[in-house]
Student: 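I am attaching a structure below and will ask some questions about it afterwards.
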Protein chains: 2
Amino acid sequence: MSRVVQPVNAVNERMTGNNGAVHISAKADYGMRALLELVAAYRIDPLQLIKGEAIATAQQVPVKFLEGILRQLRQSGIVASQRGAEGGYRLDRDPSDVTIADVVRALDGPLAAVRGNRPEDVEYPGASEHLREVWIAVRAAMRHVLEGISLEDVALNKLPSDVTELLAEPGAWQRRKP
Amino acid sequence: MSRVVQPVNAVNERMTGNNGAVHISAKADYGMRALLELVAAYRIDPLQLIKGEAIATAQQVPVKFLEGILRQLRQSGIVASQRGAEGGYRLDRDPSDVTIADVVRALDGPLAAVRGNRPEDVEYPGASEHLREVWIAVRAAMRHVLEGISLEDVALNKLPSDVTELLAEPGAWQRRKP
DNA sequence: CTATTTCCTAGTAAGTCAATAGTAAAAGTA
DNA sequence: TACTTTTACTATTGACTTACTAGGAAATAG
Ligand code: FES
Ligand code: FES
């Protein structure tokens, strides 16, 4: 029997069917990357326009998919756009005033849900009485991180101190034992 | 005796189509509730068996769906079961040794994913160079909360102090500088 | 006018989620 | 043994979501 050499390709190695509690969607990921490109341009000239295709090739993202993402970000007031020749996109707010939570909410809706409902809306009978507080704490933790980091923080790699503390924890960069 | 199991998704106003970054699935929610029922029994007699239907009616959860959840929890070593008359389910570990992260991982897989991949596996070119650290921090925050709370903590409503601090925070829309 | 570029609607294939049906296997009771 | 109870497992369903793509309408510059 011939030995099969597994391709160790980080990019193509997708996780199994079920996604855990936290899932950063393609829209959120691509949107953040597009915005970081716009931040780079903003720091040279806050009014400079960048074309969608330029962003797409810089970040290697499908261009038509990215257009829709940028449109959603414009509808949320995070980016501005201009049509026609010499058109494009630019940031419409200062990079220090746009948090990751703003981006995720603009693209994927409310940060946290329990069975599709808001955590505070779910009722728990009997023995599970206090479970709601747990899910609310989960949402609070997510808010704490995502509302505490701005586009500028990511662009300059100057994350808030409590976030860098999180990253310094043992095992933060490794997956948990399987 | 034939007791009618109540319909599950009662009148709850479901959120809009897209779920945010954090989604507690029905499996994770139902699973936690079932385990909290088992904790209550465990505190009386650690070997007492509870039937699936009893858990289902106590928590108003579809019984066949719950059976599959309990089976997954057994395969993960959290729950033990016995078949036949007088059979049922019980906790197989001390409630203080089972964290919420254990439960979520058993039912929904790895805690966090970025476009279906592990956070440490995604590569970011150019301006988005430091985005990976953000997603890893998100996962670390989620681990911090979910690995820090045990079933016993929830059952007795004695959450860790940093979690209660999280719950007490004004939170929301406030930027912090590093 | 023409070329460019964003805006918008409407798809689609693949997959996931929540839940159900039906049957096999084990364990107790008589 | 036969019978009942209860979990174990497989397969399937319908609704919905995700990650895109197609094609054209509308705006803008030269
Ligand atoms: S929002 Fe949690 S500590 Fe500030
Ligand atoms: S896991 Fe985050 S501080 Fe301990």
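The sequence lines fix the lettering, A, B, ..., with proteins before strands; numbering per chain opens at 1. Note that the coordinates shown come from a computational prediction; the quantities given were computed from them, not determined experimentally.
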Student: If I take atom NZ in residue B:Lys51 and atom C1' in nucleotide C:dG28, what distance separates them, rounded to the nearest angstrom?
Tutor: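 B:Lys51 atom NZ is separated from C:dG28 atom C1' by 11 Å.
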Student: In this structure, how many angstroms lie between the C1' atom of D:dT5 and the CD1 atom of B:Ile50, rounded?
Tutor: 16 Å
Student: Could you tell me how far apart B:Leu66 (CG) and C:dA18 (P) are, to the nearest whole angstrom?
Tutor: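 The answer, rounded to whole Å, is 14 Å.
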Student: Measure the distance from CG on A:Leu49 to C1' on D:dA27 and round it to the nearest whole Å.
Tutor: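 That distance rounds to 14 Å.
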Student: Find the distance B:Ile24:CD1 to C:dA18:P and express it as a whole number of Å.
Tutor: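 One finds 11 Å between P of C:dA18 and CD1 of B:Ile24, rounded.
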Student: Using the side-chain hydrogen bond (donor to acceptor under 3.5 Å, both in side chains) rule, collect all pairs that involve residues 47-59 of chain A, keeping only residues at least two apart or in two chains.
Tutor: A:Arg33-A:Gln59, A:Glu37-A:Gln59, A:Gln59-B:Ser128
Student: Measure all distances between protein nitrogen or oxygen atoms and nitrogen or oxygen atoms of nucleotides 8-12 of chain C, and list the pairs falling under 3.5 Å.
Tutor:
unit_1	atom_1	unit_2	atom_2	d
C:dC8	OP2	A:Arg74	NH2	2.8

Student: Donor-acceptor check, side chain of A:Asp97 to backbone of A:Pro95, threshold 3.5 angstrom: yes or no?
Tutor: no
Student: In plain terms, say whether B:Arg90 and B:Asp92 are close enough for a salt bridge, that is, a side-chain N and a carboxylate O under 4.0 Å apart.
Tutor: yes
Student: Quick one: is C:dT4 close enough that its OP1 or OP2 comes under 4.0 Å of any side-chain N or O from A:Gln82?
Tutor: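 Looking at the OP1 and OP2 atoms of C:dT4, neither is under 4.0 Å from any side-chain N or O of A:Gln82.
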Student: Please state how far atom NZ in A:Lys27 lies from atom P in D:dT21, giving the value in whole angstrom units.
Tutor: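 So the two atoms are 14 Å apart, to the nearest Å.
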Student: Could you check A:Asp162 against A:His144 for side-chain hydrogen bond (donor to acceptor under 3.5 Å, both in side chains), going step by step and ending with a plain yes or no?
Tutor: CA-CA 10 Å; A:Asp162 50 359; A:His144 183 67; 2.9 Å; yes
Student: Which pairs pass salt bridge (Lys or Arg N to Asp or Glu O under 4.0 Å) with one or both residues in residues 56-77 of chain B, sequence neighbours excluded?
Tutor: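 Every salt bridge (Lys or Arg N to Asp or Glu O under 4.0 Å) pair that includes a residue of residues 56-77 of chain B, provided the two are not neighbours, is B:Lys64-B:Glu67.
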Student: To the nearest Å, how far apart are A:Leu107 CG and D:dC20 P?
Tutor: 14 Å
Student: Could you list by number each residue of residues 83-92 of chain B showing a heavy-atom separation from DNA chain D of less than 4.0 Å, or answer none if no residue does?
Tutor: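 Residues of residues 83-92 of chain B that come under 4.0 Å of DNA chain D are, in numerical order, B:Arg83, B:Gly84, B:Ala85, B:Gly88, B:Tyr89.
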Student: Using whole Å, what does the distance between atom C1' of nucleotide D:dA8 and atom CD of B:Gln72 come to?
Tutor: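 Answer to the nearest Å: 13 Å.
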Student: I'd like to know if the side chain of B:Ser76 reaches the main chain of B:Leu73, judged simply by a donor and an acceptor atom lying under 3.5 Å from each other, with no hydrogens or angles considered.
Tutor: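 Side chain of B:Ser76 to backbone of B:Leu73, a donor-acceptor pair under 3.5 Å: no, none is there.
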Student: Can you list everything that forms a side chain to side chain contact (heavy atoms under 4.5 Å, CB included) with B:Asp153? Sequence neighbours excluded, please.
Tutor: B:Ile149, B:Ser150, B:Leu159, B:Pro160
Student: Any link between A:Leu167 and B:Val145 through a network of hydrophobic side chains (Ile, Leu, Val, Met, Phe, Trp, Tyr) touching at under 4.5 Å?
Tutor: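 They do share one cluster, since a chain of ILVMFWY contacts under 4.5 Å joins A:Leu167 to B:Val145.
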Student: Could I get the full list of salt bridge (Lys or Arg N to Asp or Glu O under 4.0 Å) partners for B:Glu120, not counting sequence neighbours?
Tutor: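 By the salt bridge (Lys or Arg N to Asp or Glu O under 4.0 Å) rule, B:Glu120 matches B:Arg139.
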Student: Between B:Ser81 and D:dT6, is there a side-chain N or O to OP1/OP2 distance below 4.0 Å?
Tutor: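 Result: no.
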Student: Which part of the nucleic acid, if any, lies within contact of A:Gly52, taking any heavy atom under 4.0 Å across all strands shown: a base, the sugar-phosphate backbone alone, or nothing?
Tutor: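 Result for A:Gly52 = sugar-phosphate.
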